[in-house]
Number of protein chains: 2
Amino acid sequence: MKIGKGVEWSAHTCALLALLPEGAALAGEALAEFLGLQPTYLAKQLQAMSRAGIVKAKRGVSGGYRLARPAEDISLWDITAAVEGAMPLFRCTEVRRAGPCGAAAAECKRPCAIAAAFRTAESGYREALSTVRLPQIVSEIAAGAAPARKRRITRWVEQNAALAI
Amino acid sequence: MKIGKGVEWSAHTCALLALLPEGAALAGEALAEFLGLQPTYLAKQLQAMSRAGIVKAKRGVSGGYRLARPAEDISLWDITAAVEGAMPLFRCTEVRRAGPCGAAAAECKRPCAIAAAFRTAESGYREALSTVRLPQIVSEIAAGAAPARKRRITRWVEQNAALAI
DNA sequence: GCGGTAATACTCGGATAAGTCTTGTCCGAGTCCTTATGG
DNA sequence: CCATAAGGACTCGGACAAGACTTATCCGAGTATTACCGC
């Protein structure tokens, strides 16, 4: 019962990509360097997000990754689902059907009470994460960053972004 | 990002234990038989719940497990935390501190925006599961069970419960 | 000088191992009941 | 016949393997650049 660190990495990556100007891209290795992460493993998460349509990859020299859609349309849940998978945490194995006093098929029209409770809780979880979108994250991070650091980040992005077009 | 099946097993186990009359107990093997589960692995979950103070174990002949406190005071979150552990799903590794543009210690007084969002979502998740307590589960299961099955369950409990005192 | 082409350097993408956690299993510790024995 | 104590059977508890998933890594596929060659 834990979320892989790939989700955290991917969220920070998307927050960084949201800073890029229109059309610009950042290579996977550059992203890993900026965030102080292992390039090879981050690449795996970037692939997952690429498949999910969160980021758009561009191959070749001066290629890299950029957001595939407006930052406003990317939530923390989108990232989590892309990297970690969207399957429910709780998996009902229909225990009520088994055993000497197991329920008949006719009694199982409605979902199991226990599974239903977990499903409701998870629904709230997804909803809460869906509410948080990239611009909010970016602005909150910016609010807590010192001006000197902001300037360094801006400079680094300008130096490392592949300005395609 | 998934919850172990031990949580589901434990929840059904507690729902069954809630049916026992005061002072009665059910052996781990009997519980496993009723639910159609593997006795050895269910025993592991029962140990965890025993350590967490959800069930009370009694050794020896005609021993077994019973709820350690009123069913009203046992929630699905209690069971989940006992079996799965109460640690947060999302673990912040302070990515913002790393890399060439890492934040200084002074900028990290407040929690990371990403970690804060996940923490909020998880708080809601815990809250939702804490709301669901055993009597509610039991009544919902009873509402969906056919009368014949209810009688069989009552009979089985009477036959297999160790009526200590 | 200019256009076309082939080589090249750089990037992503999927397939492939190592580590850690969940899942599954076993045997020893502890407790109560039963039974035998002596008074 | 009753009290007591020893033995046995049954139960939980923690320590011990097997499998699955996360984590980590590599090399091949693809593309834009660039250099070179012919015209």
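The analysis underlying the following values was restricted to heavy atoms, covering all of them including side chains, and did not include hydrogens, waters or symmetry mates. A, B, ... follow the sequence lines: proteins, then strands. Residue 1 opens every chain.
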Can I get a per-line list of side-chain donor-acceptor pairs under 3.5 Å for residues 104-112 of chain B, giving both atom names and the distance, sequence neighbours left out?
unit_1: Glu107(B); atom_1: OE1; unit_2: Ala146(A); atom_2: N; d: 2.5
unit_1: Glu107(B); atom_1: OE2; unit_2: Ala104(B); atom_2: N; d: 2.9

Check your understanding: Should Val138(A) and Ile141(A) count as side-chain neighbours, where that means a heavy-atom distance under 4.5 Å?
Key -> no
**Study point:** Arg91(A) CZ to dT22(C) P, straight-line distance once rounded to whole Å
**Key:** 11 Å
Atom pairs under 3.5 Å: protein N/O with N/O of nucleotides 6-10 of chain C:
none

Could you tabulate the donor-acceptor pairs under 3.5 Å formed by side-chain atoms of residues 23-46 of chain A, not counting sequence neighbours?
unit_1: Tyr41(A); atom_1: OH; unit_2: Gln45(A); atom_2: NE2; d: 3.3

Review point. So how far is it from Trp156(A) CH2 to Leu16(A) CG, rounded to the nearest 0.5 Å?
Key: 6.0 Å
Practice item. Check whether any side-chain nitrogen or oxygen of Lys5(B) sits under 4.0 Å from OP1 or OP2 of dG24(C), and answer yes or no. Key: yes
Exercise for review: Provide, to the nearest angstrom, the distance between the CZ atom belonging to Arg66(B) and the P atom belonging to dC12(D).
Suggested key: 13 Å
Revision key, fill the gap. Expected list for residues 30-50 of chain A near DNA chain D, using heavy atoms below 4.0 Å, is Gln38(A), Thr40(A), Tyr41(A), Lys44(A)
**Study point:** Contacts of Arg133(B) that satisfy salt bridge (Lys or Arg N to Asp or Glu O under 4.0 Å) - sequence neighbours left out
**Key:** Glu72(B)
**Study point:** Nearest-angstrom distance from the residue atom NZ of Lys56(A) to P of dT31(D)
**Key:** 12 Å
Review point. So, Thr154(A) side chain and Lys150(A) main chain: donor-acceptor pair closer than 3.5 Å or not?
Key: yes
Exercise for review: Would you please confirm or rule out a distance under 4.0 Å between OP1 or OP2 of dG14(D) and any side-chain N or O of Arg51(B)?
Suggested key: yes
Check your understanding: Between dC10(D) atom C1' and Tyr65(B) atom OH, what is the distance in whole Å?
Key -> 13 Å
Point to revise | By salt bridge (Lys or Arg N to Asp or Glu O under 4.0 Å) - contacts of Arg69(A) (at least two apart) | key: Asp78(A)
Point to revise | Beyond-backbone contact of Leu67(A) with Leu20(A), side-chain heavy atoms, under 4.5 angstrom | key: no
Practice item. Mind calculating the distance between CD (Glu29(B)) and C1' (dT25(C)) to the nearest angstrom? Key: 14 Å
Study note, to complete from the structure: Trp9(B) atom CH2 is separated from dT22(C) atom C1', nearest whole Å, by 12 Å
Revision key, fill the gap. Separation of dC21(D) atom P from Lys2(A) atom NZ, nearest Å, is 13 Å
Review point. Which class fits the ring pair Phe90(B) and Phe118(B): parallel under 30°, tilted 30 to 60°, perpendicular over 60°?
Key: parallel
